[in-house]
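Both backbone and side-chain heavy atoms feed into the values below; hydrogens, waters and symmetry mates do not.
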Amino acid sequence: MNRASLPALTGARFFAAVSIVIFHYGARSLSPPLVVLSKAGPAAVSFFYVLSGTVLTWGGTDEAGQPLSGAGKFWGRRARRILPVYYLALAFTLPSFAQREMVLHGGAEATFQIVIAVAACALLLQAFWPPISVGLNTPAWSLSCEAFFYALWPGVVGRLHTKKPGFPWRRTLLAWLLGLVAPVVVVLLLHARLVPGRSFWALLGDVSTGEMLSRALSYFPPLRLPEFLMGIAVGHALSATPARARSPGRDTLREAALCCVTIACAWALGAGAPERIFGVRLATRFFVEGGVLSPLLALWVWQLARGRGLLTQLLSTSALRMLGNASYALYVMQEPMFIYVTGSLKRLAPAAVARWDLAFWGYLALLILLSLAIHRFWELPFRRRSSGRK
């Protein structure tokens, strides 16, 4: 069963990826109000998880909500989609990571940690063990979660099928509440001072209890599964909802309303509202990185998939679809590119590193160009060759 493409969602991927890059490396380049908003940047990972569940379900199931192909073929397509660029990024990051390990630990200990990190990342298992989730191309932890979701999708997608049209409010809120259980429990334990402080071993040096809890809540794949399940519910609902004529004016108003709500929520999170509510310093990080905005992001996915508003039309343009298709490479290559750009600047123009608030925009432009080149000359040819197409 062939369903229509969802071009606006492809264009939206580019801006979600850029927001994460800005959060990681570009806050110094922003004005104070935008700095506050950028602190909610990790919520874009939730958008990717919801989007992933939606798109896989929309394009990969039949009218009964069952997968169009067997699990083996599905996993093969997913591997061809993510692994070529993922392994390329690991190869670019490995020399710098190995050098840091040798400086920090040296000898057999460093060699052991390098082997552990490479093996875990190569198998997309790094997010299951928080101590090794940071260090070797750190942003790629999210791919470890995606691999876990892909492993489960053929078995769970049919069980979440529904013929009820309209946005799946009940399932969305249920998935949201399920995803909030772990962050709320941890925050309450910290508020009651029931979590002892200590240090934990990690790849690039010992980390605090708070950091290890942050990694566990943010990166551990089963804790992020509700966002993906939310996307599956949205995908089924899209399939069950009949297409009908839409009013561009009304859809533009809906987009404007969603923009206002999104900015307000991002501002509240960036300004530290969870920390003030719970009295726990890390509460904001726990909730931002734990999917607290996922229902709002699911509404965005729904609107962009069905709407005809001005924003949907803009995101559907060929230029933004091209950037959206390259957004995966942009996301995965952000750390390797940062390492090589800053390393080159330190050798060739040390003063530029001190002015990273300006140099960041050059880095971002180079990253975008690199992502387009990788998508065009590496990702697509590899995908065609491995699938037997010319």
Side-chain angles (χ1 to χ4, degrees), residues 20-29 41-42 45 83 85-145 198-220 282 285 289 329-357 359-360 362-364 366-367 370-371 374:
I20 296 172
V21 174
I22 291 174
F23 168 77
H24 285 150
Y25 306 116
R28 289 168 50 190
S29 304
V45 176
L83 291 182
V85 179
Y86 176 75
Y87 285 147
L88 180 67
L90 284 182
F92 274 104
T93 316
L94 180 57
S96 174
F97 170 75
Q99 183 180 31
R100 283 182 292 168
E101 282 289 339
M102 286 297 180
V103 170
L104 286 171
H105 306 289
E109 182 180 356
T111 302
F112 173 76
Q113 295 191 22
I114 293 169
V115 170
I116 290 294
V118 171
C121 290
L123 296 173
L124 287 166
L125 296 175
Q126 67 269 40
F128 284 93
W129 190 15
I132 64 172
S133 58
V134 172
L136 180 53
N137 199 6
T138 299
W141 66 264
S142 61
L143 275 298
S144 183
C145 291
R198 51 162 294 189
S199 61
F200 292 84
W201 171 84
L203 282 177
L204 297 177
D206 293 349
V207 297
S208 66
T209 298
E211 174 62 24
M212 193 57 66
L213 285 172
S214 297
R215 294 185 187 183
L217 292 174
S218 303
Y219 304 160
F220 189 56
L282 291 170
R285 180 177 176 183
E289 298 183 5
L330 186 148
Y331 178 86
V332 176
M333 293 298 297
Q334 60 180 296
E335 183 174 296
M337 190 65 171
F338 176 78
I339 292 171
Y340 285 100
V341 167
T342 53
S344 298
L345 289 177
K346 287 177 182 177
R347 291 192 301 271
L348 302 175
V353 178
R355 292 305 311 272
W356 184 250
D357 56 325
F360 167 77
Y363 152 79
L364 180 60
L366 290 173
L367 177 61
L370 176 66
S371 68
I374 289 175

Should we count [atom1] of [X] as having more than 12 external heavy atoms under 6.0 Å?
X      : atom1 : answer
Glu109 : CD    : yes
Phe92  : CZ    : no
Phe200 : CZ    : yes

Just so I know, are the side chains of [X] and [Y] near enough to count as touching, which here means a heavy-atom distance under 4.5 Å?
X      : Y      : result
Leu213 : Thr209 : yes
Gln334 : Ile20  : yes
Phe97  : Ile339 : no
Leu330 : Met337 : no
Trp201 : Val207 : no
Leu282 : Ser214 : yes
Leu203 : Pro131 : no

Trp129/Tyr219 aromatic ring centres below 6.0 Å: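 No; Tyr219 has its ring centre 6.0 Å or more from that of Trp129.
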Identify the two heavy atoms, one from [X] and one from [Y], that lie closest to each other, and give their separation to 0.1 Å.
X      : Y      : value
Ala329 : Val85  : CA-CG1, 3.9 Å
Ala110 : Met102 : CB-SD, 3.7 Å
Trp141 : Ala127 : O-CB, 3.8 Å
Tyr87  : Ala122 : OH-O, 2.7 Å
Met212 : Pro130 : SD-CB, 3.5 Å
Pro336 : Ala89  : CG-O, 3.7 Å

Go through the steps for Thr138 and Glu335 under the test side-chain contact (heavy atoms from CB on, under 4.5 Å), then give the verdict. CA-CA 7 Å; Thr138 299; Glu335 183 174 296; 3.5 Å; yes
Examine distances only and state if a side-chain atom of Tyr363 and a backbone atom of Val341 form a donor-acceptor pair shorter than 3.5 Å.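 No; zero donor-acceptor contacts below 3.5 Å.
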For the pair Ser29 (side chain) and Asp357 (backbone), establish whether a donor and an acceptor sit closer than 3.5 Å, ignoring hydrogens and angles.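 A pair under 3.5 Å: yes.
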Side-chain donor-acceptor pair present, Ser371, Tyr331, cut-off under 3.5 Å: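 No pair is found: no donor N or O on one side chain lies under 3.5 Å from an acceptor on the other.
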Under the side-chain contact (heavy atoms from CB on, under 4.5 Å) rule, what do Gln126 and Val134 come out as? Steps first, then yes or no, please. CA-CA 8 Å; Gln126 67 269 40; Val134 172; over 6 Å; no
[X] side, atom [atom1]; [Y] side, atom [atom2] - distance, nearest 0.5 Å:
X      : Y      : atom1 : atom2 : value
Ile116 : Leu125 : CD1   : CG    : 11.5 Å
Leu345 : Tyr340 : CG    : OH    : 14.5 Å
Ile114 : Leu136 : CD1   : CG    : 9.5 Å
Met333 : Asn137 : CE    : CG    : 8.0 Å

Chi angles and distances behind the side-chain contact (heavy atoms from CB on, under 4.5 Å) call for Thr111, Glu101: CA-CA 8 Å; Thr111 302; Glu101 282 289 339; over 6 Å; no
Using a strict threshold of under 4.0 Å (side-chain N to carboxylate O), is an ion pair present between Arg285 and Glu211?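 Yes, this pair counts.
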Test side-chain contact (heavy atoms from CB on, under 4.5 Å) on Ile22 and Phe360; report intermediate values, then the result. CA-CA 9 Å; Ile22 291 174; Phe360 167 77; 3.9 Å; yes
